[in-house]
J.: 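Sharing a structure below in structure tokens format, with a few things to ask.
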Amino acid sequence: MNLRSLWGLFKGIRPLNLSIVGLACIGFSMLLSPCNTISLILMIVPVIMVMAGGNLINDYFDLDSDKHMGRHLYTHYMTAKGLIFYYVLINVSAITIAFCNAPPVSTYSLMGVIVILFLYSRYFKRTFLLGNSIVSILCAYVPWYLYVDQYSSHNIPNRIVYIFIIYSFILFNYTLLREIIKDMQDRDGDRLLKARTIAIVFNDDQCKRLVQGIQIWNLLTHLIGWFWLLGFNDKHFLIFTVFCIIPIIMLSFKVLFRNLSSNLVRFSSLIKINIALGVLSIFFLVYF
């Protein structure tokens with residue numbers, strides 16, 4: 001273990017993405033019930049570590065594709081064996097922490113997520129729509145892992161359950177959008193591996209129409225979900241509108257009036273910003 005390999009590990013686990021996930025976990029945990037700092041950390045760290053491990057094993061199986069695309073993240077910093085070593089170390093550490101602090105059902109579900117992420121990276125990632133759906137469902141599951149973790153020890157109001165349902169759909173929709181954008185970015189490398197991703201099966205125009213359709217579905221999910229479960233006569237709906245509904249409308253217009261294929265990096269960043277705004281809205285729901 002040296003500084004070069006640690007730097008490669010740091011870049012490989014996607015620290016910005018994990019920070020957003022960590023903040024979301026804190027927000028969801030605070031919605032459920034107040035926690036002391038130690039309990040909060042021990043609850044959230046395994047989730048972040050499993051996601052970090054998922055990033056590493058995904059990159060391991062993408063080494064050939066990335067080499068074709070001119071990406072050399074790990075070859076510059078560590079060997080493939082080093083990548084597997086960190087993957088195993090992170091996941092074993094995550095399960096150990098969860099086993100010592102979380103209910104058994106939470107630990108078992110986390111183990112299941114590790115297996116699913118491995119199978120996704122090895123087999124399902126390059127299968128039409130299946131891989132995208134798996135990752136989206138796993139992201140939408142994050143708040144429910146925290147819910148199960150605290151369900152046995154707290155009386156959780158129905159309102160909180162409804163908020164969790166709404167945000168789960170939001171996480172699913174945004175993750176699916178990002179997965180499609182990533183498929184378009186990785187199209188050449190995936191073709192080399194004979195993959196059947198959305199970006200290979202569909203052309204650019206079809207991908208754009210699919211993204212627009214998901215955007216419309218995303219907006220309807222926002223509005224109908226909140227209205228159906230919580231109603232509009234609520235101060236929290238203003239927060240939800242500012243941080244969630246307005247950004248998705250703005251993103252929809254950008255997708256509609258700009259060339260998607262030539263702005264993939266920009267759109268991917270905008271989706272990530274929208275996710276971050278959604279995470280920020282959780283804290284406003286907690287304190288207001």
Side-chain angles (χ1 to χ4, degrees), residues 14 16-32 44 47-48 51 132-133 135-147 156-182 208 210-258 260 263 265-288:
R14 317 296 198 275
L16 178 58
N17 294 354
L18 295 185
S19 298
I20 294 174
V21 172
L23 287 174
C25 289
I26 293 172
F28 286 127
S29 298
M30 293 173 68
L31 272 176
L32 288 167
I44 293 172
V47 178
I48 296 175
M51 294 195 70
N132 309 106
S133 300
V135 173
S136 302
I137 291 170
L138 290 179
C139 287
Y141 173 68
V142 169
W144 297 104
Y145 170 82
L146 302 170
Y147 176 87
I156 300 173
N158 288 338
R159 178 181 177 80
I160 301 301
V161 177
Y162 297 155
I163 290 175
F164 270 47
I165 292 173
I166 294 169
Y167 277 89
S168 293
F169 274 105
I170 293 173
L171 287 170
F172 177 88
N173 294 335
Y174 274 128
T175 304
L176 185 57
L177 281 174
R178 282 205 74 230
E179 286 296 305
I180 295 172
I181 297 297
K182 285 165 58 181
K208 181 173 181 176
L210 178 60
V211 169
Q212 289 171 340
I214 295 174
Q215 291 277 66
I216 294 171
W217 167 251
N218 199 7
L219 180 59
L220 291 175
T221 302
H222 282 57
L223 292 171
I224 296 174
W226 192 278
F227 176 74
W228 180 47
L229 295 174
L230 297 170
F232 286 156
N233 296 322
D234 191 305
K235 64 178 181 179
H236 287 163
F237 182 68
L238 177 60
I239 296 172
F240 190 71
T241 299
V242 171
F243 287 95
C244 297
I245 294 177
I246 292 177
I248 190 63
I249 292 174
M250 294 175 64
L251 182 62
S252 298
F253 275 104
K254 289 183 181 296
V255 172
L256 181 63
F257 295 111
R258 294 197 180 186
L260 180 61
N263 291 276
V265 175
R266 179 181 177 84
F267 282 123
S268 181
S269 298
L270 288 174
I271 292 170
K272 194 176 296 185
I273 291 171
N274 279 23
I275 295 173
L277 289 172
V279 169
L280 185 60
S281 72
I282 301 171
F283 291 91
F284 280 86
L285 294 180
V286 171
Y287 289 109
F288 295 97

J.: Rounded to the nearest 0.5 Å, how far apart are CG of Leu285 and CD1 of Ile166?
T.: 9.5 Å
J.: Name all residues meeting the side chain to side chain donor-acceptor pair (under 3.5 Å) criterion together with Ser268; count only those two or more places apart in sequence or in a different chain, and write none if there are none.
T.: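 Ser268 satisfies side chain to side chain donor-acceptor pair (under 3.5 Å) with Arg178 only.
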J.: Show the nearest heavy-atom pair for residues Tyr167 and Ser281, with the distance to one decimal.
T.: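 For Tyr167 and Ser281, the tightest heavy-atom pair comes out as OH-OG, 2.6 Å.
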J.: Would you please name every residue forming a side chain to side chain donor-acceptor pair (under 3.5 Å) with Asn263, sequence neighbours left out?
T.: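 For Asn263 there are no side chain to side chain donor-acceptor pair (under 3.5 Å) partners, ignoring immediate neighbours.
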J.: May I ask you to decide if the ring planes of Trp226 and Phe240 are parallel, tilted or perpendicular, using 30° and 60° as cut-offs?
T.: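 Rings of Trp226 and Phe240: parallel, as their planes differ by under 30°.
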J.: Give the minimum heavy-atom separation between Ile181 and Ile271, together with the two atoms involved.
T.: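 Nearest pair, atom of Ile181 first, then Ile271: CG1-CD1, 4.1 Å.
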J.: What are the two closest heavy atoms between Val47 and Cys25, and how far apart are they?
T.: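 Reported closest heavy-atom pair: CG1-SG, 4.1 Å.
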J.: Can you tell me how far CG of Asn274 sits from OH of Tyr174, rounded to the nearest 0.5 angstrom?
T.: 3.5 Å
J.: So, do Pro247 and Ile273 sit near enough that their side-chain heavy atoms are less than 4.5 Å apart?
T.: no
J.: Have a look at Phe28 and tell me which of Phe164, Tyr147, Phe283, Tyr145 forms a ring pair (Phe, Tyr, Trp, His ring centres under 6.0 Å) with it.
T.: Phe164
J.: Sequence neighbours excluded, which residues qualify as side chain to side chain contact (heavy atoms under 4.5 Å, CB included) partners of Thr221?
T.: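 Only Phe169, Asn173, Trp217 meet the side chain to side chain contact (heavy atoms under 4.5 Å, CB included) criterion with Thr221.
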J.: Atom CD1 in Ile170, atom SG in Cys244: separation rounded to 0.5 Å?
T.: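 Reported value, rounded in 0.5 Å steps: 4.5 Å.
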J.: Quick one: closest heavy-atom pair of Ala24 and Val279, and the distance?
T.: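 Distance-wise, the nearest heavy atoms are N-CG1, 3.6 Å.
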J.: Among residues at least two apart in sequence or on other chains, which ones pass ring-ring contact (aromatic ring centres under 6.0 Å, His included) with Phe284?
T.: Phe243, Phe288
J.: Write down the atom of Pro143, the atom of Leu171, and the distance for their closest heavy-atom approach.
T.: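 For Pro143 and Leu171, the tightest heavy-atom pair comes out as CD-CD1, 3.8 Å.
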J.: Would you check, one step at a time, whether the test side chain to side chain contact (heavy atoms under 4.5 Å, CB included) holds for Ile246 with Met250?
T.: CA-CA 6 Å; Ile246 292 177; Met250 294 175 64; 3.9 Å; yes
J.: I'd like to know whether Val21 forms a side chain to side chain contact (heavy atoms under 4.5 Å, CB included) with Ile44, so could you lay out the CA-CA distance, the side-chain angles of the two residues, the decisive distance to 0.1 Å, and finally the verdict.
T.: CA-CA 9 Å; Val21 172; Ile44 293 172; over 6 Å; no
J.: Lys254: which residues meet the side chain to side chain donor-acceptor pair (under 3.5 Å) condition with it, sequence neighbours left out?
T.: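 Result, side chain to side chain donor-acceptor pair (under 3.5 Å) vs Lys254: none returned.
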J.: Say you draw a straight line from CG of Leu176 to CG of Leu210; how long is it, rounded to the nearest 0.5 Å?
T.: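 Rounded to the nearest 0.5 Å, the CG-CG separation comes out at 7.0 Å.
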J.: Holding to side chain to side chain donor-acceptor pair (under 3.5 Å), I want the full list of residues that pass it with Asn132, two or more places apart in sequence or in another chain.
T.: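 So Asn132 forms a side chain to side chain donor-acceptor pair (under 3.5 Å) with Asp183.
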J.: Which heavy-atom pair separates Lys208 from Arg258 by the least distance, and what is that distance?
T.: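 Here Lys208 and Arg258 meet closest at NZ-O, 2.9 Å.
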J.: Could you tell me whether Trp144 and Tyr141 have their ring centroids closer than 6.0 angstrom?
T.: no
J.: Are the side chains of Asn218 and Leu251 in touch, meaning some heavy atoms are under 4.5 Å apart?
T.: no
J.: Between CD1 of Ile248 and CG of Leu270, what distance do you get to the nearest 0.5 Å?
T.: 10.5 Å
J.: Once you round to the nearest 0.5 Å, how far does CD1 of Ile245 lie from CG of Leu277?
T.: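 It is 13.0 Å, given to the nearest 0.5 Å.
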J.: Can you find a pair of side-chain heavy atoms, one from Met30 and one from Ile26, that are under 4.5 Å apart?
T.: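 SC-SC contact between Met30 and Ile26 confirmed.
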J.: Does any part of the side chain of Met51, heavy atoms only, come nearer than 4.5 Å to the side chain of Asn17, both counted from C-beta?
T.: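 Side-chain contact under 4.5 Å: no.
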